[in-house]
Amino acid sequence: MLSVQHVSGGYSGKAVLKDITFGVEKGELFGILGPNGSGKTTLLKMLSGILPFQAGEILIDDKRLKEYSPKQLAQKVAVLSQHSSQSFSYTVKETVSLGRYAHQRGLFQTWSDEDEAVVQRVMQHIGVSTLQNKNIQELSGGEKQRVFLAQALAQEPEILLLDEPTNHLDLSYQKELFDLLKQWTTENHLTVISIFHDLNLAGLYCDRLLLLEKGVIKVNREPNEVLREETIRAVYRTNIHKFPHPKVAAPQMALLPERQKSAQLVVIQEGMLQQADELIFLKSPVPLRTMSSGVIGSGTGWYQAFVNRHVDKDYNCSDFRQDMADFLRKNGFEPSETVGMMTAVTLEDVEYQVFETDGFSLFAVVTAGVGNAVDASKSELHTFEIVPGTINTWVFVNGDLSEEAFIQSIMTATEAKVKALHDLQVVDEVTGTIATGTSTDSILVAATQTGMALDFAGTITPLGKMISKAVYQCTIKAIQKSQKRKKACSAII
Amino acid sequence: MPRLSIRKFLNNKITAYLLAGIFLLLAILLGIAIGTVSVPIPIIIKIITGNLFGTLRAEHIDPMYSSIVMNIRLPRVILSGLVGASLAIAGAAFQGLLRNPLADPYTLGVSSGASVGAVITLFFNLTIPFVGAFTLPLFSIVFSFITIFCVLMFARKIERSMRVETIILTGIIFSSFLGAMISLMIALTGDELRQIIGWLLGSVSMRGWVYIKIILPFFIIGSIILIFNAKELNAMSFGEERAHHLGVNVQKRKLIVLSAGSILTGAAVAVSGTIGFVGLVIPHLTRLIWGPDHKHLLPLSIFIGSGFLILADLVSRTIISPTELPIGVITSLIGAPVFAVILLQRKRIERSGKNDA
């Protein structure tokens, strides 16, 4: 469809672009990325025929760009720029109708039925039909941009060039525009080439990305390959972090702000743990990076408060999440900043301890009840019936954990818990075998993300060793306390 | 919503031309009828139709009326009409091309250029062989051409993209410079002083049919060229890049439009001297009433511009009769306040419109 071969050029003899070669296929949504001054707009201007290039060749449908007359080119290529100036108050329809200029022939350039039909169809499709008699100067930024999109599409182009079309526009419009363009590429085989400032938007919609650096192509591949941390960091000279889109298979990038050096190191320790009537909680002075399976605040995120709530053995609430949120609010916690867990265990039996080693420390908190102990290898024999008796494990690490370390921490903590149950000979009452946990166990690993970098947490890494030790010891003690209390209770009865 | 229905009525293109036509016709009739000797309108119609079809029978009409109409008032009205029309359509085209309602033959320096050409002709008493009486308009037009291209070249030197503001600023620089040149020639001149000053102040009096013959071909050529480029002007009023994307051959069209505009301005200045405000106010007014589509804006500007200048001329020669005021004074005296009122009203409408929404 479009082929750019060894193109160089720029303004007034100074080469902004050097030896650019790439091709775009029909129906592709092709993104052009690059820092300011890398030549994105220059490239787009060359593609649209506004800026002559000094060397190389641009072919559209195997015909040289220079051989197209302005009208012929406008029938093939339409352009939507960042913002268009409108000094005069044309109506929406007059504006869109200008898109038919290239298709009108003859001295009088009469307006044909086909022109009218195309304009009406495009306005319908873009959703500006209802505005057609309105003055464009009265429209909002998003509406204006839609009108100009309609104008460009009224050209019935095969290629649409966009120069940061969503600049100055709000989120919903950005999504709307690219949803629409994506639809046009798949349904009408429109080829879209767009400059992006927003890497995430590009990653979300593009089939292929071209990354420019100082007028040279750095990479030209599928988004996941182009949006690599090292590449983007090097080209944009900034600190970013790549993560997967939570809902669709698209790479996303997050900026990392420079941390204030003077910010003091926060250390999570025993003093921060507080007990009240119905709950144990820990309030951190800063949000902690957290991975947990709580009732509220589960998954990964940043949380500042951690609550272990005591509920009655017969607690049964259909909407336990809402109930938990209400409970938290009542006790002065903001649910969106809190990880909340539930347990039927007597909270006085909580076991906690700080463990320290060279460079970092961790604080473990465990509440354990084993009335509902289950052997995971034989869990099929259990009917689904929730019986109170839960091991809730909290591990706070005063260190900087990688994603891997978080997951390994959970594995290590779980293994340590299993071993503790094994050593205490906790029996699964249904199967009569040694239990590996309870059916409602919860875990939380939270890290300050300051201080020592801890990339791994396998059982024999420094962090893994600490977690094993901490969880093992605390779990053993917590179970013993709970068992003692049970025995005492039964003794009284 | 009475306003809506009024707007709809005004927006209807046939109504628009009808209204503009009636306005022009009224202006023509008033322009011929009123003066030191009043000529009744039925007699005017009789005289004109009679002369047109050669069926005039002398015994029915006072020869004095006939002479006043045919030799004094009619040429004067037609001339002022043509000048007004030329300035208005040129102004409309410049405004569209430069995407700025502030642009007009004056702000761009074209009028000053034309004046310099005319003043040089008068100053050196030039007559080019075979051209004869056309020497002055020819010089005016050539100079307006040279000026507009100097302005554009200069603006391009300053800034490749030739932003509108740059062009207007350049135009103002050229205007002042050329104005100084005119002053210099006036200072150095002896006998031709009165002639030059009189010409500079702008007048359509005592020009006769010769001057109409001078301006008419340029007016027809210039207007036709501009009207045929109405679509391109529409596209270019969205910016040159956008026009290019829409398929307009921008460089070529820009040159054509600027040339046509300069022809019109040069010709108008050549026959009547410098008359301000018509090129600025009339297109603006027309656009406000009937919208910016150049297909209609250009022809409607012709009607309104010519009607306006005929009325302005009427005022200039009747208001403190028998003394005649320079017509340029009148256009500015009428034009500026009208312009101000329009601007204020538009702002008010815009504001109230926003409140509604």
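Numbered from 1 within each chain, the chains take letters A, B, ... in sequence-line order. Predicted model, so just to flag it, every value in this text is computed and none were measured. Heavy atoms only: backbone and side chains are in, while hydrogens, waters and symmetry mates are out.
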**Request:** Identify, with sequence neighbours excluded, every residue that meets ring-ring contact (aromatic ring centres under 6.0 Å, His included) alongside Phe88(A).
**Result:**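 Not a single residue meets the ring-ring contact (aromatic ring centres under 6.0 Å, His included) criterion with Phe88(A).
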**Request:** Report the residues that fulfil side-chain contact (heavy atoms from CB on, under 4.5 Å) with Gln183(A), sequence neighbours left out, ordered by chain and then residue number.
**Result:**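 Per chain and number, Gln183(A) pairs via side-chain contact (heavy atoms from CB on, under 4.5 Å) with His125(A), Leu180(A), Glu187(A).
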**Request:** Could you list the residues that satisfy side-chain contact (heavy atoms from CB on, under 4.5 Å) with Ala235(B), not counting sequence neighbours?
**Result:**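 Only Leu98(A), Ala243(B), Leu246(B), Val248(B) meet the side-chain contact (heavy atoms from CB on, under 4.5 Å) criterion with Ala235(B).
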**Asked** For the candidates Leu73(A), Val79(A), Thr95(A), Val77(A), which exhibits the highest count of non-hydrogen atom pairs separated by less than 4.5 Å from chain B?
**Response**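 Answer, by heavy-atom pair count under 4.5 Å with chain B: Val79(A).
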**Prompt:** Quick one: which residues of residues 43-55 of chain A reach chain B at under 4.5 angstrom, heavy atoms only?
**Reply:**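 The stretch touches chain B at Lys45(A), Ser48(A), Gly49(A), Ile50(A).
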**Asked** Thinking salt bridges, do Glu156(A) and Arg100(A) make one under a 4.0 Å N-O criterion?
**Response**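 Looking at Glu156(A) and Arg100(A), the cut-off is met.
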**Message:** Keeping Lys40(A) on the side-chain end and Gly34(A) on the backbone end, is there a donor-acceptor pair under 3.5 Å?
**Reply:**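 Such a contact is found between Lys40(A) side chain and Gly34(A) backbone.
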**Message:** Taking the six-membered ring of Tyr101(A) as reference, does the cationic atom of Lys231(B) (NZ for Lys, CZ for Arg) lie under 6.0 Å from its centre and within 45° of its axis?
**Reply:**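 Here Lys231(B) fails the 6.0 Å and 45° test against Tyr101(A).
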